[in-house]
Amino acid sequence: MGVLAGAAAAASIALAACYSPALRDCTVSCGSATDCATGQVCGSDGMCASSAVAGRCATLVDAGIHDAPRGDAAPPTPDAGPPDARTVRLTVQIMGKGSVAVDGAGTCSSLDPDKGNCAYDVVAGAPLAVQAMSVDGDDAFAMWTSIVCAGQAAHCVFTPVAATAVSARFVHSTMHDPL
């Protein structure tokens, strides 16, 4: 038994020597900071993350960030402006009949050939406004179905720091006067 125990201990030491327990931000749920890896805090969203992104994991996950910035990395910021500004991809999806205007980039419409699935390059780290609008008097904006803009009215402002997706739902109104 002593030989097996010694071999197991040696294997554990060998594995520990090549294993780095660093955890990516927004991958481990927590109840307190003691649940998180060194350099991480337990954010208000119940996820371990660096202090730079703590409390924003749901937004970052919805934006498509799979490896959020570590605590020692500065959040991405744009350069002085075009043409050197760092850009990220904004994906817009429309469900139903409607459109979403992306400030400074264009308008995505369910009536376009792409049927309301659009992509724009936008400046990273700069506030961005999107506006959901009806394209038909019988259809109205119902809600944002993505975490980004969730709970906001048709006009939404957010700051993309990585690839981000916004989804707008429009519903057909049944409020017609009978003939």
Side-chain angles (χ1 to χ4, degrees), residues 22-30 36 39-135 139-171:
L23 296 175
R24 291 187 343 189
D25 289 337
C26 305
T27 59
V28 175
S29 61
C30 59
C36 301
Q40 292 182 329
V41 298
C42 185
S44 60
D45 55 2
M47 299 297 290
C48 293
S50 67
S51 59
V53 296
R56 299 185 305 132
C57 289
T59 302
L60 297 174
V61 169
D62 187 56
I65 297 175
H66 298 289
D67 194 14
R70 300 289 309 161
D72 57 347
T77 56
D79 293 335
D84 297 327
R86 184 169 103 58
T87 61
V88 295
R89 181 59 55 124
L90 172 68
T91 304
V92 177
Q93 182 180 26
I94 298 170
M95 293 163 279
K97 290 183 181 177
S99 66
V100 173
V102 179
D103 192 33
T107 300
C108 183
S109 173
S110 61
L111 303 178
D112 292 339
D114 54 11
K115 305 290 185 204
N117 290 303
C118 307
Y120 303 96
D121 290 322
V122 297
V123 177
L128 181 66
V130 293
Q131 175 76 35
M133 302 171 293
S134 176
V135 294
D139 294 277
F141 172 71
M143 70 170 124
W144 298 102
T145 59
S146 55
I147 292 176
V148 173
C149 296
Q152 295 191 40
H155 181 80
C156 170
V157 177
F158 61 96
T159 302
V161 295
T164 304
V166 293
S167 300
R169 178 175 303 227
F170 293 83
V171 294

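- Considering OG1 of T164 and CD1 of I147, their distance stands at 11.5 Å, rounded to 0.5 Å.
- Going from atom NZ of K115 over to atom CD of Q93 covers 14.5 Å, rounded to the nearest 0.5 Å.
- D121 is listed as a side-chain neighbour of R89, based on a closest heavy-atom distance under 4.5 Å.
- Nearest approach of V122 to P160, heavy atoms of both residues: CG2-CG, 3.9 Å.
- Atoms CG and CE, on D139 and M133 in that order, are 14.0 Å from each other to the nearest 0.5 Å.
- Annotation for G96 and S110: closest pair O-CB, 3.3 Å, computed over non-hydrogen atoms.
- The SG atom of C156 sits 12.0 Å away from the CG atom of D103 when rounded to the nearest 0.5 Å.
- Residues A132 and F170 approach most closely at CB-CZ, 3.9 Å, considering heavy atoms.
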query = Would C108 and I94 satisfy side chain to side chain contact (heavy atoms under 4.5 Å, CB included), going step by step from the backbone distance to the final call?
reply = CA-CA 8 Å; C108 183; I94 298 170; 3.9 Å; yes
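- With hydrogens and angles ignored, the 3.5 Å screen pairs no side-chain donor or acceptor of T91 with any backbone N or O of A165.
- Pairing each heavy atom of Q152 with each of V157, the nearest pair is OE1-N, 3.7 Å.
- Atom SG in C149 sits 9.5 Å away from atom NE2 in H155 (nearest 0.5 Å).
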task = Assess whether side chain to side chain contact (heavy atoms under 4.5 Å, CB included) is satisfied between V102 and L128, documenting all intermediate values.
result = CA-CA 8 Å; V102 179; L128 181 66; 4.1 Å; yes
request  = Determine, stepwise, if the pair L90 / F158 fulfils side chain to side chain contact (heavy atoms under 4.5 Å, CB included).
outcome  = CA-CA 11 Å; L90 172 68; F158 61 96; 3.9 Å; yes
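- Residue S146 comes nearest to S167 through the heavy atom pair OG-N, 3.1 Å, listed as atom of the first residue, atom of the second, then distance.
- Between the side chain of W144 and the backbone N or O of A153, at least one donor-acceptor pair lies under 3.5 Å.
- Atom NZ of K97 sits about 10.0 Å away from atom OG of S134, to the nearest 0.5 Å.
- Nearest heavy atom pair, residue T159 against residue P127, reads OG1-CA, 3.7 Å.
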